[in-house]
A.B. asks: 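Mind looking over this structure? Questions follow.
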Protein chains: 2
Amino acid sequence: MSRASIKALTAQRTLAVAEQLVQTRGYNAFSYADIARALGVTTATLHYHFPTKAELGKQLINRYRTQFEGALIEIDAAYSEAREKLKRYVGLYAKVLHDGRMCLCGALAADAATLPKPMRSEIRHFFDTNEAWLSAVLADGRKSGDLHFEGPQRDAARYILDILEGAMLIARSNDDFSRFDRSTGRLLAEFMTA
Amino acid sequence: MSRASIKALTAQRTLAVAEQLVQTRGYNAFSYADIARALGVTTATLHYHFPTKAELGKQLINRYRTQFEGALIEIDAAYSEAREKLKRYVGLYAKVLHDGRMCLCGALAADAATLPKPMRSEIRHFFDTNEAWLSAVLADGRKSGDLHFEGPQRDAARYILDILEGAMLIARSNDDFSRFDRSTGRLLAEFMTA
DNA sequence: GTCTATAGGTGGATAGAC
DNA sequence: GTCTATCCACCTATAGAC
């Protein structure tokens with residue numbers, strides 16, 4: 001781990017709690033007081049590590065994207081077939097949902113209009129990362145005959161991301177996670193059928 | 001119009017402004033003060049018409065769903081082909097997006113965990129209405145050979161709704177409405193191809 | 001129906017002691 | 001690094017005059 005990413009224990013715990021709060025309640029529905037209560041510290045302590053909520057939010061997304069990129073690298077290392085990679089990719093989102101959470105950036109996207117610019121940029125970065133990885137998998141799958149779809153890979157990648165975020169959003173609000181599995185199952189079938 | 005739905009002018013204007021605020025900023029990012037400023041009245045006046053924010057929110061969704069049902073009835077009256085109905089249905093969402101807004105219930109779904117139960121019930125009601133209408137259109141389209149899809153109509157209907165909400169969410173957060181059009185275009189093509 | 005005035009609470013954020 | 005104490009802005013909501 002690089003020196004730049006070494007963080008004090010309280011800072012790490014703050015990020016973990018804040019992440020969970022954003023994913024379950026949304027950016028505008030959590031406060032420094034919520035985190036302080038969970039950690040057993042005061043809000044002044046939190047402001048020492050993260051001067052502003054905007055800064056905390058930015059680092060939150062950055063960390064989330066970095067961890068996500070790590071998971072994508074693991075998939076690339078463990079599987080060679082495009083359709084298997086796509087399945088595991090969907091599995092990443094399913095795991096988040098099963099943990100009772102919304103995708104961090106999906107949750108933040110809903111409040112995008114109220115967020116500071118740096119946070120909006122980080123959110124785009126996360127979506128761009130998804131799009132790039134998916135595009136590569138789709139290109140590979142199309143070439144090998146493993147996956148089937150019409151039009152540009154980029155558009156198909158965005159389509160997949162749209163479904164994942166939408167299915168999470170609706171499944172959570174309806175308290176029925178099986179809806180996510182049925183929708184993503186349909187999605188996978190669509191790309192795996194000639 | 002039934003007597004029960006007649007509302008004082010200020011109440012009507014309040015609902016219109018509040019709706020726009022929720023759709024653009026989210027439930028937890030707007031206040032009675034925002035509405036009061038827009039209408040040129042005091043917050044006390046708003047509380048006369050809507051005692052609590054929860055009550056305002058509930059009536060907001062109820063009104064939205066009622067208007068939406070009216071639009072669905074219009075579609076049914078104007079078109080007979082299932083694929084044409086489906087196109088117009090997607091057009092309803094496109095219109096909301098083009099107005100710079102998120103679907104009201106999609107926006108609220110993101111904050112669902114922080115909402116009072118009556119509001120959550122109204123949100124479900126909206127999604128159920130979508131699902132029921134779509135299921136009927138899909139059943140009809142499959143019967144006439146106008147639409148093509150695998151599995152239960154209900155699952156396909158939910159799949160469509162998931163994409164619409166997800167595509168809106170991402171398109172808005174990326175400030176690129178054309179993404180919505182490309183994803184929904186792909187969706188329509190999927191159901192119209194044998 | 002709308003106002004003034006205000007209560008009671010919580011929000012993010014800071015100064016300065018330890 | 002963490003604390004106590006505090007500021008000021010904003011929130012939802014209410015009482016009572018007009």
Side-chain angles (χ1 to χ4, degrees), chain A residues 3-22 24-61 107-108 110-120, chain B residues 3-22 24-61 107-108 111 113-120:
Chain A
R3 182 163 190 79
S5 67
I6 294 178
K7 281 247 163 69
L9 196 58
T10 298
Q12 286 180 26
R13 286 176 175 154
T14 299
L15 288 170
V17 171
E19 181 181 273
Q20 198 262 349
L21 286 170
V22 174
T24 54
R25 302 176 52 82
Y27 185 76
N28 293 314
F30 89 94
S31 69
Y32 273 55
D34 293 330
I35 304 170
R37 205 175 304 120
L39 297 187
V41 297
T42 65
T43 59
T45 294
L46 302 182
H47 278 284
Y48 169 80
H49 295 283
F50 305 95
T52 65
K53 196 179 179 183
E55 179 61 27
L56 170 58
K58 197 181 121 186
Q59 290 194 38
L60 221 45
I61 308 168
L108 288 171
D111 299 319
T114 71
L115 302 179
K117 267 221 179 88
M119 285 187 66
R120 283 206 296 267
Chain B
R3 181 161 191 81
S5 68
I6 294 178
K7 280 243 163 70
L9 196 58
T10 297
Q12 286 180 27
R13 286 176 175 155
T14 299
L15 289 170
V17 171
E19 182 182 273
Q20 198 263 348
L21 286 170
V22 173
T24 54
R25 302 175 53 80
Y27 184 76
N28 292 314
F30 89 94
S31 70
Y32 273 54
D34 294 329
I35 305 170
R37 204 175 307 118
L39 298 187
V41 298
T42 65
T43 59
T45 294
L46 302 182
H47 278 285
Y48 168 80
H49 295 284
F50 304 96
T52 66
K53 197 179 177 181
E55 179 61 26
L56 170 58
K58 197 181 122 187
Q59 291 195 37
L60 220 46
I61 308 167
L108 289 170
D111 299 320
T114 71
L115 303 179
K117 267 220 179 88
M119 284 186 67
R120 284 207 294 268

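Order of the sequence lines fixes the chain letters, A, B, ..., with proteins taken first and strands second; residue numbering starts at 1 for each chain. As a basis for the values below, the full set of heavy atoms in this structure was taken, side chains included, without hydrogen atoms, waters or symmetry mates.
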A.B. asks: To the nearest angstrom, how far is A:Leu9 atom CG from D:dT2 atom C1'?
C.D. replies: 14 Å
A.B. asks: At under 4.0 Å between heavy atoms, how does the protein contact nucleotides 12-18 of chain D? Give one character per nucleotide, 5' to 3', with B, S or -.
C.D. replies: SBBB---
A.B. asks: Over how many whole Å does the gap from B:Lys7 atom NZ to C:dG1 atom C1' extend?
C.D. replies: 16 Å
A.B. asks: Is the phosphate of D:dG1, meaning OP1 or OP2, less than 4.0 Å from a side-chain N or O of A:Thr10?
C.D. replies: no
A.B. asks: Whole angstroms only, please: what is the NE2-C1' distance between B:His49 and C:dC3?
C.D. replies: 12 Å
A.B. asks: Can you tell me how far C1' of D:dC3 sits from CG of A:Leu39, to the nearest Å?
C.D. replies: 15 Å
A.B. asks: Who passes side chain to side chain contact (heavy atoms under 4.5 Å, CB included) against A:Pro116, sequence neighbours left out?
C.D. replies: A:Ala54, A:Pro118, A:Met119
A.B. asks: Any side-chain N or O of B:Thr45 less than 4.0 Å from the OP1 or OP2 oxygen of C:dC3?
C.D. replies: yes
A.B. asks: Check whether any side-chain heavy atom of B:Asp111 lies under 4.5 Å from a side-chain heavy atom of A:Asp111, and answer yes or no.
C.D. replies: yes
A.B. asks: Kindly list each side-chain donor-acceptor pair under 3.5 angstrom involving residues 26-36 of chain A, sequence neighbours excluded, with atom names and distances?
C.D. replies:
unit_1, atom_1, unit_2, atom_2, d
A:Tyr27, OH, A:Lys53, O, 3.2
A:Asn28, ND2, A:Thr114, OG1, 3.0
A:Ser31, OG, A:Ala33, N, 3.3
A:Ser31, OG, A:Asp34, N, 3.3
A:Ser31, OG, A:Asp34, OD2, 3.4
A:Tyr32, OH, A:Phe50, O, 2.8
A:Tyr32, OH, A:Thr52, O, 3.0
A:Tyr32, OH, A:Lys53, N, 3.3
A:Asp34, OD1, A:Arg37, NH1, 3.4
A:Asp34, OD2, A:Ser31, N, 2.9

A.B. asks: By side chain to side chain contact (heavy atoms under 4.5 Å, CB included), which residues pair with A:Gln20, not counting sequence neighbours?
C.D. replies: A:Thr24, A:Arg101
A.B. asks: Just so I know, are the side chains of A:His49 and A:Gln59 near enough to count as touching, which here means a heavy-atom distance under 4.5 Å?
C.D. replies: no
A.B. asks: Once you round it to whole Å, what is the distance between C1' of C:dA13 and CG of A:Leu56?
C.D. replies: 14 Å
A.B. asks: So, do B:Leu46 and B:Leu39 sit near enough that their side-chain heavy atoms are less than 4.5 Å apart?
C.D. replies: yes
A.B. asks: In whole Å, I'd like the distance from the CZ atom of B:Arg13 to the C1' atom of C:dG1.
C.D. replies: 13 Å
